[in-house]
Amino acid sequence: MRHFLIYGLAAVLIFTMLGKFAAVETVVAAEKTAAPMAAVAKMAVLSEEGDAPEEEQAVLAGLLQVNMSSMDDMYFKNALLEELGDGFSVHALSTSDTGDQPVMFRKMVEKGYRLIVVELYDTALVDEYIDLAEENGVSLIFTGEEPSAEQMARKSDLYYVGFSEGNVMRELADAIIQGWKNNQAAFDLKSDDRLIYGIFTKDSYEENGNQETLDRYLSDAGLTVEMGRQCVTSAFNFNLKKEVDNILYAGGEMIICDSSSYARQISDYLHDPDEFVLERLINTRIYLTVADEGAQKMVEEGTAMFATGINGGDTGTAVGKLAKALVAGEKPTAETVGIAPDQNKRLYITNRTVTSDLIRTRVAEDDEEE
């Protein structure tokens, strides 16, 4: 009997504690939901009164570049994103020439992108891109290969951004000639009057005609020049240090390079005290046929003599300004974009050129000093 009494008292105590616990849990849960409900009610009232600001959604934009691993493409993308700002949500993809780009373009259209920037590698794709963009209300900007005038006329919010015609070899030759005339001793590092140069390039200078063009310009100015060796950086088993050594062994006293990334590595190698001790090798001059931020910095700090050509940062900024105008429904002008489009809706970026003081400054000859 006593046991039943004890069990009964224990049961009453347990149920009492459970009741208190349930009451506490109910209060806590109610406190968690009260604030959001009040906030919703408040927002509903504000909305009716017209005081609640509407949340602005970022504009969906796509960027399809053939190869984002290049320095110039990275500068382009960074400048584009900076110019667009927080009002745009940009999805950037590195495509290829194996059919990936059209698939990526279609997916962006299907997901409701309002703007797509395409680095065109095949003009046969232009009409497909224009058809999809026109049917779905997508503003379209091409870079890379240039569509025809007829294709550009098919869509009002379709534009092309490229580069003005510029002779990079002419600019390069003029800089070499000027430096030779002003300070030949700094360029001719051998005992004779020959100027031997080496090349780091994606495309063979012999095949694309650059060697013939450069040699002709320099020879017409009275210089005796010779290409000692060229390195095609896209070749299998490319080894930068070995290729620099080969250029030096061939007598090269000047290196022409079309990549600021490779130029920086070449400069670091030549200035490494554990690799070289000869001043002749350290003084090997580097010229760049690209003018991105990396190339400009090398000229400014004195590790390169000259840079001219494409500037991805300038292009990215121009595309960004153009994109904002198109999405806003404005007609791009020199005031809104910075460059007046031509009649076929094309914007051409001018090549940039930077030259070191060593090239521009004339050194007095011995007889002039006397």
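Computed over heavy atoms, backbone and side chain alike; hydrogens, waters and symmetry mates excluded.
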query = Does any pair with a residue in residues 244-266 pass ring pair (Phe, Tyr, Trp, His ring centres under 6.0 Å), and if so which ones, sequence neighbours excluded?
reply =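 Counting only pairs at least two positions apart or across chains, the ring pair (Phe, Tyr, Trp, His ring centres under 6.0 Å) contacts touching residues 244-266 are F238-Y262.
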query = For residues 284-330, which residue pairs qualify under ring pair (Phe, Tyr, Trp, His ring centres under 6.0 Å), counting only residues two or more places apart or in two chains?
reply =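 Qualifying pairs, neighbours excluded: none.
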inquiry  = List the residues meeting ring-ring contact (aromatic ring centres under 6.0 Å, His included) with F105, not counting sequence neighbours, and say none if there are none.
reply    =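 Testing F105 for ring-ring contact (aromatic ring centres under 6.0 Å, His included), a comparison that skips the adjacent residues, returns Y129.
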key: Test side chain to side chain contact (heavy atoms under 4.5 Å, CB included) applied to S148 - qualifying residues, sequence neighbours left out   =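 So S148 forms a side chain to side chain contact (heavy atoms under 4.5 Å, CB included) with E150, Q151.
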request  = Could you list the residues that satisfy side chain to side chain contact (heavy atoms under 4.5 Å, CB included) with N239, not counting sequence neighbours?
outcome  =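 N239 satisfies side chain to side chain contact (heavy atoms under 4.5 Å, CB included) with K241, K242 once adjacent residues are dropped.
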Checking [X] now: which residues fulfil side-chain hydrogen bond (donor to acceptor under 3.5 Å, both in side chains) with it, not counting sequence neighbours?
{"X": "D215", "answer": "Y197"}
{"X": "D268", "answer": "none"}
{"X": "S204", "answer": "Q230"}

Under 3.5 Å, sequence neighbours excluded: what are the donor-acceptor pairs made by side chains of residues 80-92?
{"residue": "E83", "atom": "OE2", "partner": "K324", "partner atom": "NZ", "Å": "2.8"}
{"residue": "H91", "atom": "ND1", "partner": "Y113", "partner atom": "OH", "Å": "3.1"}

Any Y269 side-chain heavy atom under 4.5 Å of D245 side chain =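 Result yes, sub-4.5 Å side-chain heavy-atom pair found.
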Please tabulate, for the side chains in residues 325-343, all donor-acceptor contacts under 3.5 angstrom to protein atoms that are two or more places apart in sequence or on a different chain.
{"residue": "T333", "atom": "OG1", "partner": "E335", "partner atom": "N", "Å": "3.3"}
{"residue": "T333", "atom": "OG1", "partner": "E335", "partner atom": "OE1", "Å": "3.3"}
{"residue": "T333", "atom": "OG1", "partner": "T336", "partner atom": "N", "Å": "3.3"}
{"residue": "T333", "atom": "OG1", "partner": "T336", "partner atom": "OG1", "Å": "3.3"}
{"residue": "T336", "atom": "OG1", "partner": "T333", "partner atom": "N", "Å": "2.9"}
{"residue": "T336", "atom": "OG1", "partner": "T333", "partner atom": "O", "Å": "3.3"}
{"residue": "D342", "atom": "OD1", "partner": "N344", "partner atom": "N", "Å": "2.9"}
{"residue": "D342", "atom": "OD1", "partner": "K345", "partner atom": "N", "Å": "3.2"}
{"residue": "D342", "atom": "OD1", "partner": "R346", "partner atom": "N", "Å": "2.9"}

key: Within residues 307-317 or reaching into it, pairs that qualify as side-chain hydrogen bond (donor to acceptor under 3.5 Å, both in side chains) - sequence neighbours excluded   =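 Checked against side-chain hydrogen bond (donor to acceptor under 3.5 Å, both in side chains) - neighbours excluded - the pairs reaching residues 307-317 are T308-T353, D314-R352.
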Within residues 219-228 or reaching into it, pairs that qualify as side-chain hydrogen bond (donor to acceptor under 3.5 Å, both in side chains) - sequence neighbours excluded =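 Output for this query lists R194-E226.
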query = Taking the side chain from E253 and the backbone from I196, do they hold a donor-acceptor pair closer than 3.5 Å?
reply =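 Here the side-chain-to-backbone pair exists.
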